[in-house]
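Take a look at the structure below.
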Amino acid sequence: MRHKKFIPIYLILGSVGIIMVLPVLMMLCNSIMGVQELKEAYGVVLGEGDKRLSARLIPVYPTLMPYVELLLDSPDFFVMFWNSVKQVFSVMLGQTAVGTMAAWAFARYEFRGRKPLFLLYMILMVMPFQVTMVSSYLVLSKLFLLDTHLAVILPGIFSTFPVFIMEKFFRAIPREVFEAAKVDGAGEVMSFLRIGIPLGSPGIISSLILNFLEYWNGMEAPKTFLKTKSKLPLSLYLPEITTAQMSVSFVASVVMMLPAILGFLWGRNYLQKGIEASGLKE
C-alpha cells in the first residue's frame with residue numbers, strides 16, 4: 001500500500017525523463033538516416049518540401065554513410081575539433097593554476113578589501129558575455145591577440161566562476177585541520193598542496209567540469225575574437241553545414257556531445273562529493 005502512494009510520482013518523473021531523453025534519442029537515430037529520408041521528414045522546415053513535418057525516431061533505411069562522410073571526408077571537422085581541444089583544455093589548465101590560488105586566498109586569509117573584491121568577482125560572474133565583449137575586444141586588440149587561440153584562452157583562464165565555486169569548498173575545510181598541520185611544521189605552501197588541494201578537489205573538479213561544458217559549447221567568444229576559419233572551434237562547425245549535408249549535421253552533433261557526456265560520467269562522483277564537502281562544518 002505504501003508503494004502505491006508513490007505510483008503517480010513515478011509516472012510523472014518517468015514522463016519527464018522520457019521527454020528530456022527523447023531529443024537525444026532522435027538525434028542518435030537521425031544520425032543514421034540518409035539525406036533523402038531526412039528531407040522527407042524535415043524538408044518542410046527547411047523550405048524544401050510541401051509535405052507535413054514527420055519527425056521519425058526509427059529510420060526506415062538506416063545507413064552509416066553520414067559517419068563515413070564526416071569522419072573520413074571532412075578535414076575541416078578535425079581541424080575545428082583539435083582547435084576546441086587546444087582551446088578548452090588550455091583554459092582548464094589555466095583555471096586550475098590561477099583559480100585554485102585565488103580561491104585559496106579568499107578562503108584562508110582575511111585581508112583589507114577582501115569582501116569588496118569578492119563582491120566584484122560575483123558581479124563579473126553574473127555578467128553575460130555581451131556586457132564585457134567590447135572591452136575584452138579592445139584589450140585583446142591592444143595586446144595584438146585577436147584572431148589567435150590566446151584570444152579565447154586568456155579570458156577563460158581568468159574567469160571568476162571557478163574561483164567562486166572553489167572558495168566555498170576551501171572555506172568548508174575545518175580550520176582545526178590546518179592548525180594541526182601547522183603544529184606538525186607545515187607551512188602555507190605545504191598546507192595548500194597537502195591539505196587544500198586534496199580536500200578541495202571535489203570543488204575544483206566540479207567547477208572544471210561545469211566550465212568544460214560551457215567552453216566546449218561556447219560560440220560567442222570564438223565568433224567575436226577569431227576570424228580565420230582554421231582557428232575556429234568545433235562549436236562553430238555546425239552552423240556552416242549546408243542543407244545537402246543534413247545527415248552530417250546530426251553526426252557532428254553526436255560527436256560533439258560525446259566528450260561532454262564522457263566528462264560528466266567521469267566526474268559525476270566528484271560532483272556528488274563536492275555537494276557533500278559543502279556541508280563540512282568547523
Side-chain angles (χ1 to χ4, degrees), residues 76 78-107 109 111 113-114 116-170 189 192-193 196-197 200-201 203-240 256 259-260 263 267:
D76 288 345
F78 287 99
V79 172
M80 292 185 172
F81 181 87
W82 287 114
N83 286 341
S84 288
V85 172
K86 287 186 290 187
Q87 293 172 12
V88 174
F89 281 93
S90 296
V91 169
M92 297 298 102
L93 290 175
Q95 286 183 351
T96 302
V98 175
T100 51
M101 290 187 289
W104 179 260
F106 279 119
Y109 305 121
F111 52 88
R114 176 191 170 278
L117 184 58
F118 195 68
L119 177 62
L120 178 62
Y121 263 69
M122 290 189 288
I123 293 174
L124 293 173
M125 182 183 67
V126 299
M127 278 187 178
F129 171 77
Q130 290 77 7
V131 175
T132 59
M133 178 177 64
V134 175
S135 57
S136 299
Y137 187 94
L138 293 175
V139 172
L140 292 172
S141 177
K142 290 293 184 180
L143 295 175
F144 303 100
L145 294 177
L146 287 177
D147 201 25
T148 67
H149 291 301
L150 288 176
V152 178
I153 294 171
L154 283 181
I157 288 176
F158 296 99
S159 172
T160 57
F161 176 74
V163 178
F164 178 79
I165 297 297
M166 295 175 191
E167 190 270 347
K168 300 299 180 184
F169 292 98
F170 285 146
V189 176
F192 173 67
L193 295 176
I197 296 298
S201 60
I204 297 172
I205 297 176
S206 299
S207 64
L208 292 180
I209 291 173
L210 294 174
N211 272 279
F212 172 81
L213 298 176
E214 177 184 355
Y215 287 98
W216 184 258
N217 298 310
M219 298 180 65
E220 293 90 350
K223 192 72 173 179
T224 304
F225 302 141
L226 302 178
K227 302 301 179 185
T228 305
K229 186 177 180 180
S230 61
K231 297 177 182 177
L232 297 178
L234 186 59
S235 57
L236 296 178
Y237 180 77
L238 291 176
E240 297 186 355
M256 186 173 179

Do the non-hydrogen side-chain atoms of [X] and [Y] ever get within less than 4.5 Å of each other?
X: Phe170; Y: Glu167; answer: no
X: Asp76; Y: Tyr237; answer: yes
X: Met166; Y: Trp104; answer: no
X: Val152; Y: Ser90; answer: no
X: Pro233; Y: Tyr215; answer: no
X: Leu236; Y: Lys229; answer: no
X: Leu208; Y: Phe212; answer: no

Please check if the side chain of Ser84 supplies one atom and the backbone of Leu234 the other of a donor-acceptor pair under 3.5 Å.
yes
Residue that, paired with Phe81, satisfies side chain to side chain contact (heavy atoms under 4.5 Å, CB included) out of Val85, Val79, Asn83
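For Phe81, the side chain to side chain contact (heavy atoms under 4.5 Å, CB included) check succeeds only for Val85.
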I need the minimum non-hydrogen distance between [X] and [Y], along with the two atoms involved.
X: Pro155; Y: Leu150; value: CD-O, 3.8 Å
X: Ala105; Y: Phe111; value: O-CE2, 3.8 Å
X: Gly156; Y: Gln95; value: O-NE2, 2.8 Å
X: Ala103; Y: Val163; value: CB-O, 3.7 Å

If you measure from [atom1] on [X] to [atom2] on [Y], what distance do you get to the nearest 0.5 Å?
X: Ile197; Y: Ile204; atom1: CD1; atom2: CD1; value: 4.0 Å
X: Met92; Y: Ile209; atom1: CE; atom2: CD1; value: 10.5 Å
X: Phe164; Y: Ser207; atom1: CZ; atom2: OG; value: 12.0 Å

Yes or no on side chain to side chain contact (heavy atoms under 4.5 Å, CB included) for Phe161 and Asn211, after CA distance, side-chain angles and deciding distance?
CA-CA 8 Å; Phe161 176 74; Asn211 272 279; 3.1 Å; yes
Throw together a table of side-chain donor-acceptor distances under 3.5 angstrom for residues 119-146, partners on residues two or more places apart or in other chains.
residue: Thr132; atom: OG1; partner: Phe129; partner atom: O; Å: 3.4
residue: Ser135; atom: OG; partner: Thr132; partner atom: O; Å: 3.0
residue: Ser136; atom: OG; partner: Thr132; partner atom: O; Å: 2.8

side-chain hydrogen bond (donor to acceptor under 3.5 Å, both in side chains) contacts in which one or both residues fall within residues 144-164, not counting sequence neighbours:
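Sorted result for residues 144-164: Gln87-His149, Asp147-Thr228.
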